[in-house]
Number of protein chains: 2
Amino acid sequence: MEKGTIRVLSRAFSIMTYIAREKRPLGVTEIASAVSLPKATVYRILDSLEAERAVLNRGGEYELGPVTLFLADAYRSQVGFAEVARPHLLSLRNETKETVHLFVYEKGEFYYLDKIESPYQVRMHSRIGGRASIFRLSAGKALLARFSAEELKELHEPVPPEVVREFSDILTRGYAVDDEQNEQGLRCVGAAIIDSRGRPRGAVSVSAPVYRFPPELVERYGKLVSGVAEAVTREIGSFEKCVCSS
Amino acid sequence: MEKGTIRVLSRAFSIMTYIAREKRPLGVTEIASAVSLPKATVYRILDSLEAERAVLNRGGEYELGPVTLFLADAYRSQVGFAEVARPHLLSLRNETKETVHLFVYEKGEFYYLDKIESPYQVRMHSRIGGRASIFRLSAGKALLARFSAEELKELHEPVPPEVVREFSDILTRGYAVDDEQNEQGLRCVGAAIIDSRGRPRGAVSVSAPVYRFPPELVERYGKLVSGVAEAVTREIGSFEKCVCSS
DNA sequence: CATTATCGTTTCACTCCATGGATTTTTTAT
DNA sequence: ATAAAAAATCCATGGAGTGAAACGATAATG
């Protein structure tokens with residue numbers, strides 16, 4: 001546990017995180033052993049979380065509660081581009097028929113913010129709110145390429161040299177490519193979203209299995225994602241200006 | 001505060017809820033006065049929440065963090081019909097061009113689970129994760145009409161007699177109607193989603209301002225929503241059967 | 001059907017950890 | 001430059017969270 005943090009809070013979050021990972025109703029005993037805490041302690045915390053509707057108790061089995069929705073919706077609208085991007089993501093998915101992702105960058109880490117899935121049976125698997133490994137994703141590289149030297153230092157791990165070498169290409173093309181680096185058999189293209197102060201804040205990507213996404217398609221899909229990213233960037237920029245000038 | 005609840009937890013949630021309501025970066029002082037707690041206490045709680053990425057600290061201003069996304073996504077998939085319903089909601093919105101809502105019922109309360117907005121400028125305003133007043137919404141009435149006597153007692157407030165009188169009509173038609181009871185100038189139709197054990201678990205609705213949603217359209221939209229609700233009900237039913245039989 | 005095992009729930013004495021008033025540091029406004 | 005306000009830090013205190021143990025309910029076993 002980090003210094004200065006309140007113990008119950010960190011315990012409560014590890015309990016909720018465990019429930020979220022398992023995605024099924026769980027008993028007190030199982031949770032207690034999973035998070036290495038006494039049953040009574042876990043029970044009391046679950047009770048308190050239930051009072052807040054952060055978890056629900058269905059006859060001794062616990063699952064997450066609806067308050068999570070409320071908080072996540074607020075987070076989404078704070079991010080600013082989640083709602084703006086939605087229709088663009090939809091049309092991008094319809095044009096490519098492949099899975100489309102939206103990411104946010106927050107304090108050195110990269111999170112899945114939204115996704116629209118491919119209609120095909122074979123498709124990429126990801127989890128909203130999950131952390132993503134920034135170096136291996138096309139969306140991550142597209143973002144890093146726009147970072148200043150200072151911002152690159154903020155990251156928890158140093159950027160691998162082979163990724164740095166890609167930066168100039170990414171900037172000239174407007175999109176980054178991932179050829180099975182993140183996952184065997186999967187190809188992605190991604191482009192960065194820039195906020196009104198000129199800072200890279202997120203990214204959009206299209207992912208597909210290589211057999212549906214051959215090298216010949218990279219340029220086409222690449223231009224589509226960078227077009228979407230630019231559209232979102234433009235919209236959030238003008239929106240902020242609107243608010244400021246009023 | 002309810003008996004037996006852990007104080008810091010309830011405090012932490014009131015802080016997060018306040019941030020979620022305000023939907024803007026907030027300072028410690030403002031939050032402290034809003035939730036009526038000493039600054040130092042609020043500061044320490046925010047610090048702990050930040051360590052969990054439940055809030056973010058941007059130079060003294062706090063906002064919600066990305067963990068909320070992760071928890072909410074898990075809740076959505078636990079509900080079971082949120083993902084299944086998404087494509088149906090989309091086509092319902094496209095057919096009606098009006099705002100479509102998805103609700104969940106949890107322990108006596110009704111929550112907005114998802115929405116797809118009308119493309120028109122004039123449209124209904126709602127908040128995902130917010131509680132909704134079950135008696136005045138078409139979706140709420142559609143759900144109540146399917147409840148057993150016991151389930152009706154589980155509610156926090158008794159059902160008004162005028163709503164009870166509507167039940168038989170709702171059951172024969174398959175959908176409920178709200179003629180400006182919830183909000184002046186707004187008409188809605190809603191239908192219930194039933195889980196594999198036969199329990200009403202949620203509802204779908206279409207809402208529009210009366211000038212775009214005249215009485216002549218009620219039957220058409222009503223049949224559309226009940227069709228969607230039935231499709232979702234059927235899909236979650238057969239999915240559960242699949243899992244069981246394997 | 002009795003027995004055992006397991007799990008959710010409750011209890012309570014102990015103690016440790018969250019508390020909040022006061023202080024210091026930083027930022028913003030004048 | 002100076003003042004004002006807000007964020008961040010400190011620390012003695014006591015009440016709040018803790019967890020071992022007990023309880024009661026339910027399911028599994030022979």
Side-chain angles (χ1 to χ4, degrees), chain A residues 1-19 22-65 78 106-107 150 154 197 199 244, chain B residues 1-19 22 24-65 78 106-107 150 154 197 244:
Chain A
M1 194 174 69
E2 284 176 54
K3 165 195 158 271
T5 45
I6 295 171
R7 197 176 45 169
V8 245
L9 281 178
S10 102
R11 288 175 169 185
F13 274 94
S14 65
I15 289 170
M16 288 192 285
T17 304
Y18 180 69
I19 300 174
E22 294 296 313
K23 293 199 172 188
R24 63 191 163 92
L26 299 168
V28 179
T29 310
E30 182 181 349
I31 299 173
S33 79
V35 299
S36 314
L37 285 173
K39 259 197 327 183
T41 303
V42 171
Y43 182 79
R44 214 165 346 92
I45 292 172
L46 284 169
D47 230 35
S48 304
L49 290 174
E50 201 197 357
E52 305 297 334
R53 318 235 90 183
V55 304
L56 295 173
N57 180 349
R58 290 196 205 282
E61 309 244 271
Y62 291 84
E63 24 181 284
L64 290 171
Q78 271 174 0
E106 297 278 19
K107 306 239 168 186
E150 289 163 28
E154 203 185 47
R197 277 164 299 182
R199 286 199 197 133
C244 288
Chain B
M1 193 172 71
E2 285 177 52
K3 165 196 159 268
T5 43
I6 295 172
R7 196 175 47 167
V8 246
L9 280 178
S10 101
R11 287 175 170 186
F13 274 94
S14 65
I15 289 170
M16 287 192 284
T17 304
Y18 180 70
I19 299 175
E22 293 297 314
R24 62 190 165 93
L26 299 167
V28 179
T29 311
E30 182 180 350
I31 298 172
S33 79
V35 300
S36 312
L37 285 173
K39 261 198 326 183
T41 303
V42 171
Y43 182 79
R44 212 164 347 91
I45 292 172
L46 285 169
D47 230 34
S48 304
L49 291 174
E50 200 198 356
E52 306 297 334
R53 320 234 88 183
V55 305
L56 295 172
N57 180 350
R58 289 196 204 282
E61 308 245 271
Y62 292 84
E63 24 181 285
L64 290 171
Q78 272 173 359
E106 298 277 20
K107 306 237 166 189
E150 289 161 28
E154 203 186 47
R197 277 164 300 183
C244 288

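Heavy-atom basis, side chains included; hydrogens, waters and symmetry copies ignored. Residue numbers begin at 1 in each chain, while the letters A, B, ... track the order of the sequences.
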Kindly indicate, with the supporting measurements, whether the criterion salt bridge (charged side-chain N to carboxylate O under 4.0 Å, His left out) is fulfilled by Arg11(B) and Glu52(A). CA-CA 10 Å; Arg11(B) 287 175 170 186; Glu52(A) 305 297 334; over 6 Å; no
Is there, by distance only and without an angle test, a donor paired with an acceptor across the side chain of Lys39(A) and the base of dG8(C) below 3.5 Å? yes
Please report, rounded to the nearest Å, how far the P atom of dT6(C) is from the CD atom of Glu30(A). 15 Å
Any carboxylate oxygen within less than 4.0 angstrom of a Lys/Arg side-chain nitrogen, looking at Glu106(B) and Arg58(A)? yes
Taking only side-chain nitrogens and oxygens of Asn57(B), does any of them come within less than 4.0 Å of OP1 or OP2 of dA8(D)? yes
What is the distance from CD of Glu61(A) to P of dA25(D), rounded to the nearest Å? 19 Å
So does Tyr62(B) get a side-chain nitrogen or oxygen closer than 4.0 Å to the phosphate oxygens (OP1/OP2) of dA8(D)? yes
Is the distance from OP1 or OP2 of dG19(D) to the nearest side-chain N or O of Thr41(A) less than 4.0 Å? yes
Kindly indicate whether the side chain of Arg7(A) and the base of dG17(D) share any N or O donor-acceptor pair separated by less than 3.5 Å? no
Could you give the CG-to-P distance, from Asp47(B) to dC10(D), as a whole number of Å? 12 Å
To the nearest angstrom, the CG-C1' distance between Leu46(B) and dT19(C) comes to 15 Å
For atom CZ of Arg58(B) and atom C1' of dA6(D), their distance in whole Å: 20 Å
Between the CD1 atom in Ile6(A) and the CG atom in Asp47(B), the distance rounded to the nearest 0.5 Å is 8.5 Å
Roughly how far apart are Glu61(A) CD and Arg24(A) CZ, rounded to 0.5 Å? 9.0 Å
Between dT18(D), dA8(D), dA6(D), which nucleotide gets closest to the side-chain atoms of Thr29(B)? dA6(D)
State which of dA6(D), dG21(C), dT19(C) makes the closest approach to the side chain of Ile6(A). dT19(C)
Check whether any side-chain nitrogen or oxygen of Tyr43(B) sits under 4.0 Å from OP1 or OP2 of dA7(D), and answer yes or no. no
Please report, rounded to the nearest Å, how far the P atom of dT19(C) is from the CG atom of Leu9(A). 9 Å
Output the rounded distance in Å from CZ (Arg11(B)) to C1' (dT19(C)). 8 Å
Measuring from the side chain of Pro38(B) (C-beta onward, heavy atoms only), which nucleotide among dT10(C), dG17(D), dG20(C) has the closest atom? dG20(C)
Indicate yes or no: at least one non-hydrogen side-chain atom of Tyr62(B) is less than 4.5 angstrom from one of Leu26(B). no
Reading DNA chain C from 5' onward, which residue's closest nucleotide shows up sooner: Val8(B) or Leu26(A)? Leu26(A)
How many whole angstroms separate atom CZ of Arg44(B) from atom C1' of dA18(C)? 6 Å
